[in-house]
> 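This is the structure, below, for whatever I ask next.
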Amino acid sequence: MKVILFGATGMVGQGVLLECLRDNAVTQVLSVGRSASGRHDSKLAEIVRDNFLDYSDIAPQLAGYDACFFCLGVSSIGMDAERYRHLTYDITLAAAATLARLNPQMTFVYVTGAGTDSTEQGRVMWARVKGKTENDLLKLFRAAYMFRPAAIQPLHGVRSKTAWVQAIYVATAPLLSWLARVAPKYVTTTEQMGRAMIKVARDGYPKPVLESEDINSL
Ligand SMILES: NC(=O)c1ccc[n+]([C@@H]2O[C@H](COP(=O)([O-])OP(=O)(O)OC[C@H]3O[C@@H](n4cnc5c(N)ncnc54)[C@H](OP(=O)(O)O)[C@@H]3O)[C@@H](O)[C@H]2O)c1
């Protein structure tokens, strides 16, 4: 399986990249990001670029892939609606439309979040934007899966680049670890996210939206 990964420098993406490199079913990983992942592996190739809206210059390099794991995303905290929509909807759909055209059989996995609003009509801005993003991705691909984690425990040295987020994860590590065992509805891990993405890309899944509990069951 050949995989394109967006967001490999982020907390979720780092964990997903680790699992892809560990799994023999994944033969190649192409990371597309604003900076290099910092990992070196014979399976890994990287494209570092600034433009996440137009991929015409690198289209030939994006063809021939079986799956895309889209872990690029931002928190809505402190962000106005227009900017959040641009970074969430515009950037995701620009990449997805290009990939769907170049790889019509591809499985697309998108990291969204618990509480996403599929109706696109609710009162919470981020949830509406994620809902529209999910809905339009589901129309683009034959196989698309929306991962809606709640809390995520970083494992295997995965770190958030945002200092305060990392501090919270360090402070709550024992609690998260315990919750991940007793309350899989609310907590998953970066390892489980990566393992589950590989599994759905390989075998499919009975429904397109996976909550934390579904991710943990894979
Ligand atoms: N972390 C959680 O507990 C959690 C829980 C539920 C859902 N999620 C969702 O999971 C997704 C990933 O979250 P995360 O925690 O991994 O975030 P993160 O650590 O902040 O990483 C975000 C990733 O997106 C990239 N990115 C952000 N803005 C970009 C832009 N304008 N252009 C190109 N790349 C950009 C970052 O690249 P740079 O390294 O270049 O900044 C990084 O690779 C988000 O959609 C988030 O809502 C996260």
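Quantities reported herein were computed from a predicted structural model and do not represent experimental measurements. The analysis underlying the following values was restricted to heavy atoms, covering all of them including side chains, and did not include hydrogens, waters or symmetry mates. Whatever order the structure lists them in is the order used to number ligands and atoms, beginning at 1.
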> Give me each pair satisfying side-chain hydrogen bond (donor to acceptor under 3.5 Å, both in side chains) with a member in residues 152-171, each pair once, sequence neighbours excluded.
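Of all non-adjacent pairs touching residues 152-171, those that pass side-chain hydrogen bond (donor to acceptor under 3.5 Å, both in side chains) are His156-Glu191.
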> Give me each pair satisfying side-chain hydrogen bond (donor to acceptor under 3.5 Å, both in side chains) with a member in residues 72-84, each pair once, sequence neighbours excluded.
none
> Which residue is it: Tyr110, Tyr89, Tyr145? I am looking for the one with a side-chain contact (heavy atoms from CB on, under 4.5 Å) to Leu137.
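In the set Tyr110, Tyr89, Tyr145, the residue that makes a side-chain contact (heavy atoms from CB on, under 4.5 Å) with Leu137 is Tyr110.
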> Quick one: ring pair (Phe, Tyr, Trp, His ring centres under 6.0 Å) partners of Phe6, sequence neighbours excluded?
Phe70
> State, yes or no, whether a side-chain contact exists between Thr92 and Lys130 at a heavy-atom distance under 4.5 Å.
no
> Are there any protein N or O atoms under 3.5 Å from the N or O atoms of ligand 1? List them with distances, or say none.
unit_1, atom_1, unit_2, atom_2, d
ligand 1, 3 (O), Tyr169, OH, 2.7
ligand 1, 16 (O), Met11, N, 3.0
ligand 1, 16 (O), Val12, N, 2.8
ligand 1, 19 (O), Met11, N, 2.9
ligand 1, 24 (O), Gly73, N, 3.3
ligand 1, 31 (N), Arg34, NH1, 3.4
ligand 1, 37 (O), Thr9, OG1, 3.3
ligand 1, 39 (O), Thr9, OG1, 2.5
ligand 1, 39 (O), Lys161, NZ, 2.4
ligand 1, 40 (O), Arg34, NE, 3.0
ligand 1, 41 (O), Arg34, NH2, 2.7
ligand 1, 43 (O), Gly7, O, 3.3
ligand 1, 43 (O), Thr9, OG1, 2.7
ligand 1, 43 (O), Gly10, N, 3.1
ligand 1, 45 (O), Lys130, NZ, 2.7

> So that I can tick it off, tell me whether Arg148 and Glu211 are bridged by a salt bridge, with the cut-off set at under 4.0 angstrom between side-chain N and carboxylate O.
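Yes, this pair counts.
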